[in-house]
Q: 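Attaching a single structure in structure tokens format; questions to follow.
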Amino acid sequence: MATVKGTARTPLTRKRTALYVGALFLVILIALFAYNYNAIKGQLDVGTAYGARVACSCHYVGGRDIDDCRKDFEPGMELVSLSLDEESKSVTASALFMESATAEFREGWGCVMLPDTKR
């Protein structure tokens with residue numbers, strides 16, 4: 001009887017297996033982000049608008065320092081960063097380079113949110 005000699009397959013090494021598992025995990029993570037993108041963007045939109053409005057009122061109406069105004073934020077808003085523009089009397093809140101919102105102080109009106117076209 002004749003036997004066919006084939007090339008022996010070497011088992012996957014631990015390093016290669018870890019690389020495949022890591023790549024699979026990354027693909028799943030990207031797919032989950034893409035699937036939930038609209039929900040994430042909506043939450044960031046609401047969070048930045050809330051942060052800008054609260055910080056603007058705190059600073060310009062309440063007269064507090066902008067760093068002190070962070071205490072008024074709800075839990076979970078650690079990703080929202082604030083920037084203050086004293087010249088235009090406005091506060092811009094942004095999150096994850098994806099979303100931003102600006103609130104401007106107007107005498108007699110308080111702090112109002114600016115539409116996207118004015119940012």
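Only this structure's heavy atoms are used, side chains among them; waters, hydrogens and symmetry mates stay out.
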Q: State yes or no: do V46 and F73 share one hydrophobic cluster built from I, L, V, M, F, W and Y residues joined by side-chain heavy-atom distances below 4.5 Å, directly or via other members?
A: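 They do not share one cluster, since no chain of ILVMFWY contacts under 4.5 Å joins V46 to F73.
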Q: If we count only N and O atoms by modelled type, under 3.5 Å, do the side chains of T102 and T92 hold a donor and an acceptor together?
A: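 Note: T102 and T92 side chains meet the donor-acceptor criterion.
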Q: Does C111 offer a backbone N or O that forms a donor-acceptor pair with the side chain of R53 under 3.5 Å?
A: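 Yes; judged by distance alone, with no hydrogens or angles, the pair exists.
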Q: Is it the case that one hydrophobic cluster holds both L44 and L79, taking links as side-chain heavy atoms less than 4.5 Å apart, direct or via other members?
A: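 In one cluster with L44: L79, yes.
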Q: Answer yes or no: is there an ion pair linking K89 with E104, defined by an N-O contact shorter than 4.0 Å?
A: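 Salt bridge: no.
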Q: Report yes if the side chains of I28 and F33 come closer than 4.5 Å at any heavy-atom pair, otherwise no.
A: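 No - every pair of side-chain heavy atoms lies 4.5 Å or more apart.
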Q: Within the structure provided, determine whether K15 and Y20 are in side-chain contact (heavy-atom separation under 4.5 Å).
A: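 K15 vs Y20: side chains apart.
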Q: Does E107 CD have over 12 foreign heavy atoms under 6.0 Å away?
A: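 12 or below, so no.
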Q: Please list, chain by chain and in numerical order, all residues satisfying ring-ring contact (aromatic ring centres under 6.0 Å, His included) with Y50, sequence neighbours excluded.
A: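 Y50: no ring-ring contact (aromatic ring centres under 6.0 Å, His included) contacts found.
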Q: Considering only heavy atoms from C-beta outward, does the side chain of T13 approach that of R16 to under 4.5 Å?
A: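 T13 vs R16: side chains touch.
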Q: Would you mind listing every side-chain hydrogen bond (donor to acceptor under 3.5 Å, both in side chains) that reaches into residues 63-73, with sequence neighbours excluded?
A: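 Counting only pairs at least two positions apart or across chains, the side-chain hydrogen bond (donor to acceptor under 3.5 Å, both in side chains) contacts touching residues 63-73 are R64-D68, R64-D72, D68-K71.
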Q: With a 4.5 Å limit on heavy-atom distance, are the side chains of V91 and Y60 in contact?
A: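 The answer is yes, as the side chains (C-beta and beyond) meet within the 4.5 Å cut-off.
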Q: Under a 4.5 Å side-chain heavy-atom rule over Ile, Leu, Val, Met, Phe, Trp and Tyr, are L24 and L32 clustered together?
A: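 Cluster IDs for L24 and L32 match.
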Q: Rounded to the nearest 0.5 Å, what's the gap from OG on S57 to CZ on F105? Could you check?
A: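 That separation rounds to 9.0 Å.
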Q: Measuring from atom CG of D45 to atom CE of M98, what distance do you get when rounded to the nearest 0.5 angstrom?
A: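 D45 atom CG to M98 atom CE measures 10.5 Å (nearest 0.5 Å).
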Q: Looking at H59 and I66, what are the two nearest heavy atoms and their distance?
A: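 H59 and I66 have their closest heavy atoms at ND1-N, 3.8 Å.
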Q: The criterion is side-chain contact (heavy atoms from CB on, under 4.5 Å); which residues satisfy it with A93, sequence neighbours excluded?
A: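 In terms of side-chain contact (heavy atoms from CB on, under 4.5 Å), with neighbours along the sequence ignored, A93 is linked to T48, A52, V80, L82.
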Q: Given the rule that I, L, V, M, F, W and Y join up when any side-chain heavy atoms are under 4.5 Å apart, are L84 and V54 in one cluster?
A: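 Result: yes, single cluster for both.
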